[in-house]
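Counting starts at 1 for both ligands and their atoms, in listed order.
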Amino acid sequence: MPSVLVLNGPNLNLLGTRRPEVYGTTTLADVERSCRATAAELGIGVDFAQSNHEGELVERIHAEGARVRRGESLGAVVNAGAYTHTSVALHDAIEGVDLPVIEVHISNVHRREAFRHHSYLSPVAVGIIVGLGVQGYDLAIRALHARGPGGWV
Ligand code: DQA
């Protein structure tokens with residue numbers, strides 16, 4: 001049974017209490033439950049992780065790339081939080097292991113401050129879901145499942 005990785009970056013552990021007018025009141029534990037239910041419905045596994053440390057996110061990406069190569073994973077759903085807008089290291093990690101990534105943002109970053117408009121991840125993502133709230137995670141899991149191991153492109 002293949003799996004997907006759902007990887008969350010800095011401050012997403014605060015989901016539910018941090019700026020609820022922007023991110024809502026759903027917690028990361030609620031998101032994890034919902035991702036697990038979606039994956040179970042699709043008959044795939046899910047690994048769910050969050051880190052506030054850039055290097056740890058890089059290492060999770062490398063490990064998932066190896067799992068994809070072994071046919072154990074379909075890819076990753078990545079909400080890199082603020083590292084989206086700053087991290088060449090995450091860009092290079094995804095590109096370096098050729099990891100199929102769906103980039104997710106809970107809020108519509110393009111309606112927000114200009115510094116959130118640029119993403120280092122988008123050029124190396126297979127798809128992007130922005131501004132649909134926490135359901136973006138479930139939609140991204142469905143997208144990786146529909147894409148399968150072969151890929152759209
Ligand atoms: C976010 C948007 C980012 O700009 C911000 O730094 C986050 C969350 C989102 O899910 O909307 O931490 O990725």
Put together the list of close N/O pairs, under 3.5 Å, between ligand 1 and the protein, could you?
| residue | atom | partner | partner atom | Å |
| --- | --- | --- | --- | --- |
| ligand 1 | 4 (O) | His85 | NE2 | 2.7 |
| ligand 1 | 4 (O) | Arg116 | NH1 | 2.9 |
| ligand 1 | 6 (O) | Ala82 | N | 3.2 |
| ligand 1 | 6 (O) | Arg116 | NH1 | 3.1 |
| ligand 1 | 10 (O) | Asn79 | ND2 | 2.9 |
| ligand 1 | 10 (O) | Ile106 | N | 2.8 |
| ligand 1 | 11 (O) | Ile106 | N | 3.2 |
| ligand 1 | 11 (O) | Ser107 | N | 2.9 |
| ligand 1 | 11 (O) | Ser107 | OG | 2.6 |
| ligand 1 | 12 (O) | Arg18 | NH1 | 3.2 |
| ligand 1 | 12 (O) | Arg18 | NH2 | 3.0 |
| ligand 1 | 13 (O) | Asn79 | OD1 | 2.8 |
| ligand 1 | 13 (O) | His105 | ND1 | 2.8 |

Ignoring hydrogens and angles, write down the donor-acceptor pairs under 3.5 Å from the side chains of residues 58-67, residues two or more places apart or on other chains.
| residue | atom | partner | partner atom | Å |
| --- | --- | --- | --- | --- |
| Glu64 | OE2 | Ser73 | OG | 2.6 |
| Arg67 | NE | Glu72 | OE1 | 3.4 |
| Arg67 | NH1 | Ser3 | OG | 2.8 |

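- The aromatic rings of Tyr137 and Phe48 sit tilted relative to each other, their planes meeting at an angle between 30° and 60°.
- A donor-acceptor contact under 3.5 angstrom links the side chains of Asn52 and Gln50, judged on distance only.
- Residues that satisfy the side chain to side chain contact (heavy atoms under 4.5 Å, CB included) test with Thr25, not counting sequence neighbours, are Pro20.
- Residues satisfying the side chain to side chain contact (heavy atoms under 4.5 Å, CB included) criterion with Ala80, sequence neighbours excluded, are Val78, Tyr83, Thr84, Leu90, Leu121.
- You'll find the side chain of Glu103 stays beyond 4.5 Å of the side chain of Ile129, heavy atoms only.
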